[in-house]
Novice: 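Just passing along the structure, written as structure tokens.
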Amino acid sequence: MSIEKKFFPKQGFCRVNFRLPDSITDQARKVAIVGDFNSWQPEQNLMKKDKQGKFKCVIDFPLGKNYEFRYLIDSYRWESDWEADGLTKTPYEETYNSLIRCDEVEI
């Protein structure tokens, strides 16, 4: 898994590039990034598969907040991103959401 962030403080957002290797998505047909930023709606941020078999997506997040998310693979399998800025426990048993920090500008 790979997350790359680039801050645009003058414009007020952080651009985040998400990339999942085929080893995580296996034979997946559809992968979505769902989180508090899109009201956990799976159709809002679908990832696209590139020629190397990696699912990718770019999302611009407003600065000043942290965002929780998970990957939803083929509408039934949830995956956390252990390379995210952190993890936060959910109210569900042994489940963690991944965390993207956009509350501080990285230089």
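When reading the values below, keep in mind they use all heavy atoms of this one structure, side chains included, and skip hydrogens, waters and symmetry mates.
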Novice: Answer yes or no: is there a side-chain heavy-atom contact under 4.5 Å between M47 and I33?
Specialist: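 With C-beta onward as the side chain, the pair touches.
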Novice: Who are the salt bridge (charged side-chain N to carboxylate O under 4.0 Å, His left out) partners of K56, not counting sequence neighbours?
Specialist: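 Testing K56 for salt bridge (charged side-chain N to carboxylate O under 4.0 Å, His left out), a comparison that skips the adjacent residues, returns D50.
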Novice: Atom CG of N45 and atom SG of C57: how far apart are they, to the nearest 0.5 Å?
Specialist: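 It is 5.0 Å, given to the nearest 0.5 Å.
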Novice: Give the minimum heavy-atom separation between A84 and S98, together with the two atoms involved.
Specialist: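 Scanning both residues completely, I find the closest heavy atoms to be CB-CB, 3.8 Å.
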Novice: Which pair of non-hydrogen atoms, one from D81 and one from L87, has the smallest distance, and what is that distance?
Specialist: O-CD2, 3.9 Å
Novice: Rounded to the nearest 0.5 Å, how far does OG1 of T88 lie from OH of Y96?
Specialist: 9.0 Å
Novice: The criterion is side-chain hydrogen bond (donor to acceptor under 3.5 Å, both in side chains); which residues satisfy it with E43, sequence neighbours excluded?
Specialist: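 Testing E43 for side-chain hydrogen bond (donor to acceptor under 3.5 Å, both in side chains), a comparison that skips the adjacent residues, returns K30.
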Novice: What is the minimum heavy-atom distance between N17 and V58, and which atoms define it?
Specialist: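 Closest heavy-atom pair between N17 and V58: OD1-CG2, 2.7 Å.
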Novice: On a heavy-atom basis, which atom in E93 and which in K89 lie closest, and how many Å separate them?
Specialist: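 Closest approach of E93 to K89, heavy atoms only: C-NZ, 4.4 Å.
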Novice: To which residues is W40 joined in a hydrophobic cluster, defined by side-chain heavy-atom contacts under 4.5 Å among Ile, Leu, Val, Met, Phe, Trp and Tyr, whether direct or through other members?
Specialist: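 ILVMFWY cluster around W40 also holds V34, L72, W78.
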Novice: Enter the distance from N66:CG to D85:CG here, rounded to the nearest 0.5 Å.
Specialist: 8.0 Å
Novice: Suppose we screen for side-chain contact (heavy atoms from CB on, under 4.5 Å). Which residues come up paired with Q27, at least two apart in sequence or across chains?
Specialist: none
Novice: Can you name the residues that form a side-chain hydrogen bond (donor to acceptor under 3.5 Å, both in side chains) with K49, not counting sequence neighbours?
Specialist: none
Novice: Has the side chain of T90 got a donor or acceptor atom that lies under 3.5 Å from a matching backbone atom of T95?
Specialist: yes
Novice: Heavy atoms only: give me the nearest P42-A32 pair and the separation to one decimal.
Specialist: O-CB, 3.1 Å
Novice: State the CD1-CZ distance between I100 and F69, to the nearest 0.5 angstrom.
Specialist: 4.5 Å
Novice: Sequence neighbours excluded, which residues qualify as side-chain contact (heavy atoms from CB on, under 4.5 Å) partners of Q41?
Specialist: S39, Q44
Novice: Any sub-3.5 Å donor-acceptor pair from N97's side-chain atoms to G35's backbone N or O?
Specialist: no
Novice: What residues form a side-chain hydrogen bond (donor to acceptor under 3.5 Å, both in side chains) with D74, not counting sequence neighbours?
Specialist: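 Scan of D74 (side-chain hydrogen bond (donor to acceptor under 3.5 Å, both in side chains), adjacent residues dropped) gives none.
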Novice: Cluster partners of L46, using ILVMFWY side-chain heavy atoms under 4.5 angstrom, listed by chain and number?
Specialist: none
Novice: Once salt bridge (Lys or Arg N to Asp or Glu O under 4.0 Å) is applied, what residue pairs with a partner in residues 60-72 remain, sequence neighbours excluded?
Specialist: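 Salt bridge (Lys or Arg N to Asp or Glu O under 4.0 Å) check on residues 60-72 returns R15-D60.
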Novice: With D36, which residues qualify under side-chain hydrogen bond (donor to acceptor under 3.5 Å, both in side chains), at least two apart?
Specialist: none
Novice: What heavy-atom pair brings K5 and C14 nearest, and what distance separates the two atoms?
Specialist: CB-SG, 3.9 Å
Novice: Rounded to the nearest 0.5 Å, how far does CD of E4 lie from CZ of R19?
Specialist: 4.5 Å
Novice: Just grab all the ring pair (Phe, Tyr, Trp, His ring centres under 6.0 Å) pairs involving residues 44-63, residues at least two apart or on different chains.
Specialist: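 Non-adjacent pairs meeting ring pair (Phe, Tyr, Trp, His ring centres under 6.0 Å): F37-F61, F61-Y67.
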Novice: With ILVMFWY side chains joined below 4.5 Å, transitively, what does L99's cluster contain besides itself?
Specialist: none
Novice: Measuring from atom CG of L63 to atom NZ of K10, what distance do you get when rounded to the nearest 0.5 angstrom?
Specialist: 13.5 Å
